[in-house]
Amino acid sequence: MKLQRFLASRAGKRFYNLAYCWGACLVILGAVFKIAHMPYDNLFLMIGLFTEVFIFFISGFDVQASEYKWEKVFPQLHEGDNTASDTPDIPDPSGKLAARYAEQMERLDKNIKQLNVTYEAQIKKVSTCSSSINPEVFASLEAETLRLTEQVKLLNKQYSRMLEAMNVGNNSNK
């Protein structure tokens, strides 16, 4: 059929994609217009829906995608073959990859254990510091600081009076 050949061609696929997208856009636009009670809402909705009907009609003439033979790429997919494993079979005649893998895993395990030891030590230090802090000490320290501040203010007042008295005496001598 000519329609089937056209849909299988590049131009046919572009047309199909364009018509499908435009139809969907018009349906959505019509629905938005309908919800908002805007003018031409029925027109947009009907044009979009008829476009979608047309697209679904001609999609029946579209050529099916060819099926791939995945078992050629992945031999584990052969039916009746129960030897499929989670890890691919990588040829390693000398065993170097396996030894390197085991070495890396041991190093990772060692690093994780060191991190756990450090983490536990930090938790112990924080807990001992937090238990040694006494809230009453902070309350008395705050009270002492306030008292010291008041005394410094009084001392500043006395010094300012003394300076004024000295300046008055110096100004009268001149």
Side-chain angles (χ1 to χ4, degrees), residues 1-135 137-139 141-142:
M1 288 187 133
K2 287 185 176 185
L3 181 61
Q4 202 169 22
R5 270 187 267 139
F6 173 70
L7 290 176
S9 71
R10 185 172 182 187
K13 289 180 182 178
R14 279 189 67 173
F15 168 75
Y16 183 75
N17 186 38
L18 182 78
Y20 190 86
C21 291
W22 275 93
C25 288
L26 287 173
V27 167
I28 293 170
L29 187 66
V32 169
F33 274 41
K34 194 77 163 163
I35 290 170
H37 302 291
M38 297 172 80
Y40 306 110
D41 54 352
N42 289 331
L43 179 69
F44 281 122
L45 191 57
M46 293 312 291
I47 291 173
L49 287 173
F50 282 126
T51 305
E52 290 297 318
V53 167
F54 174 70
I55 291 301
F56 288 128
F57 177 74
I58 65 170
S59 69
F61 298 102
D62 195 12
V63 178
Q64 296 265 334
S66 60
E67 288 212 20
Y68 298 103
K69 302 205 182 314
W70 291 108
E71 58 274 355
K72 288 185 177 180
V73 179
F74 300 104
Q76 299 93 339
L77 296 177
H78 280 295
E79 290 185 29
D81 186 15
N82 295 329
T83 60
S85 64
D86 292 340
T87 57
D89 294 330
I90 300 173
D92 187 20
S94 63
K96 289 182 181 178
L97 289 176
R100 236 176 105 201
Y101 177 76
E103 177 186 321
Q104 293 292 328
M105 291 304 290
E106 286 175 18
R107 187 180 305 160
L108 178 65
D109 185 48
K110 181 181 173 185
N111 287 340
I112 289 174
K113 285 180 182 177
Q114 288 176 345
L115 284 172
N116 284 338
V117 168
T118 304
Y119 179 67
E120 289 172 0
Q122 288 178 346
I123 287 176
K124 286 179 184 177
K125 285 181 183 178
V126 167
S127 64
T128 56
C129 288
S130 65
S131 65
S132 67
I133 296 173
N134 191 355
V137 172
F138 281 111
L141 183 62
E142 183 180 13

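What you see is a predicted model, and the numbers here were worked out from it, not measured in a lab. Values reported hereafter were calculated over all heavy atoms of this structure, with side chains retained and with hydrogens, waters and symmetry mates removed.
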So which heavy atom on [X] is nearest to which on [Y], and how close?
X	Y	result
Ser59	Tyr16	CB-OH, 3.1 Å
Ala31	Leu45	N-CD1, 3.8 Å
Val27	Leu49	CG2-N, 3.5 Å
Ile55	Ala19	CD1-CB, 3.0 Å

How long is the straight-line distance from [atom2] of [Y] back to [atom1] of [X], given to the nearest 0.5 Å?
X	Y	atom1	atom2	value
Trp22	Leu29	CH2	CG	10.0 Å
Asp109	Gln114	CG	CD	10.5 Å
Leu26	Phe33	CG	CZ	10.0 Å
Thr118	Ile123	OG1	CD1	11.0 Å

Original post:
With under 30° as parallel and over 60° as perpendicular, where do the rings of Phe15 and Phe6 fit, or are they tilted in between?
Top reply: tilted
Subject >> Lys110/Glu106 ion pair, N-O < 4.0 Å >> reply: no
Subject >> side chain to side chain contact (heavy atoms under 4.5 Å, CB included) assessment of Asn111 paired with Arg107 >> reply: CA-CA 6 Å; Asn111 287 340; Arg107 187 180 305 160; 4.1 Å; yes
